[in-house]
Amino acid sequence: MLIGYVRVSKDAQTTALQVDAMKKAGVEKVFTEKESGAKDDRPVFLEMLAFARPGDTIVVWRLDRLGRSLKQLMKTVEDLQAKGIDFMSLDVS
């Protein structure tokens, strides 16, 4: 299953561009959060992790939606791999 994670940091920001990209990519379930990426305890992010099963793929619009630092991003991807969950970023630039 393709599982999307959409995040913006501020209430004034819109998720429309990210959600549209998820739809075009065929993502089946999207979790949307308005929270700083610097936090490790983002509630919707944790809910998405609990939902994902081995064989699923977590999809983000850009890498910075998953984590704010390279260290945080690498740890998250390693944790996903350990659970048998794949990861994909729609924008690789």
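Given the structure is predicted, the values throughout are model-derived calculations rather than measurements.
- Separation of atoms CG (D91) and CZ (R65) is listed at 11.0 Å; rounding is to 0.5 Å.
- Clustering ILVMFWY residues whenever any of their side-chain heavy atoms sit less than 4.5 angstrom apart, transitively, puts F51 in the very cluster that holds M48.
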Notebook entry, point to check: So L90 and V59, side chain to side chain contact (heavy atoms under 4.5 Å, CB included) or not? Walk me through it.
Noted result: CA-CA 7 Å; L90 298 176; V59 181; 3.7 Å; yes
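- D64 contributes atom CG, which lies 8.5 Å from atom OG of S89 (distance to the nearest 0.5 angstrom).
- Residues satisfying the ring pair (Phe, Tyr, Trp, His ring centres under 6.0 Å) criterion with F87, sequence neighbours excluded, are absent altogether.
- Every residue was checked against the side-chain hydrogen bond (donor to acceptor under 3.5 Å, both in side chains) condition with K71, not counting sequence neighbours, and none meets it.
- The shortest non-hydrogen separation linking Q18 to W61 is CG-CE3, 3.4 Å.
- Every residue meeting the side-chain contact (heavy atoms from CB on, under 4.5 Å) condition with I85, not counting sequence neighbours, appears here in chain and number order: A52, I58, L80, K83.
- Residues that satisfy the side-chain contact (heavy atoms from CB on, under 4.5 Å) test with K75, not counting sequence neighbours, are D79.
- With sequence neighbours left out, T15 forms a side-chain contact (heavy atoms from CB on, under 4.5 Å) with V6, V8, V19, T32.
- Residues F45 and F31 place their aromatic rings such that the two centres sit no closer than 6.0 Å.
- Interatomic distance, R7 CZ to K34 NZ, rounded to the nearest 0.5 Å: 12.5 Å.
- Contacts of E28 classified as side-chain contact (heavy atoms from CB on, under 4.5 Å), with partners at least two apart in sequence or in another chain: M1, L2.
- The OH atom of Y5 sits 14.0 Å away from atom NZ of K29, with the distance rounded to the nearest 0.5 Å.
- For the atom pair L66 CG and L73 CG, the distance stands at 5.5 Å (nearest 0.5 Å).
- Judged purely by atom type and a 3.5 angstrom limit, D20 has no side-chain atom pairing as donor or acceptor with the backbone of L17.
- Taking every heavy atom of both residues into account, M88 and T57 meet most closely at CB-CG2, 3.9 Å.
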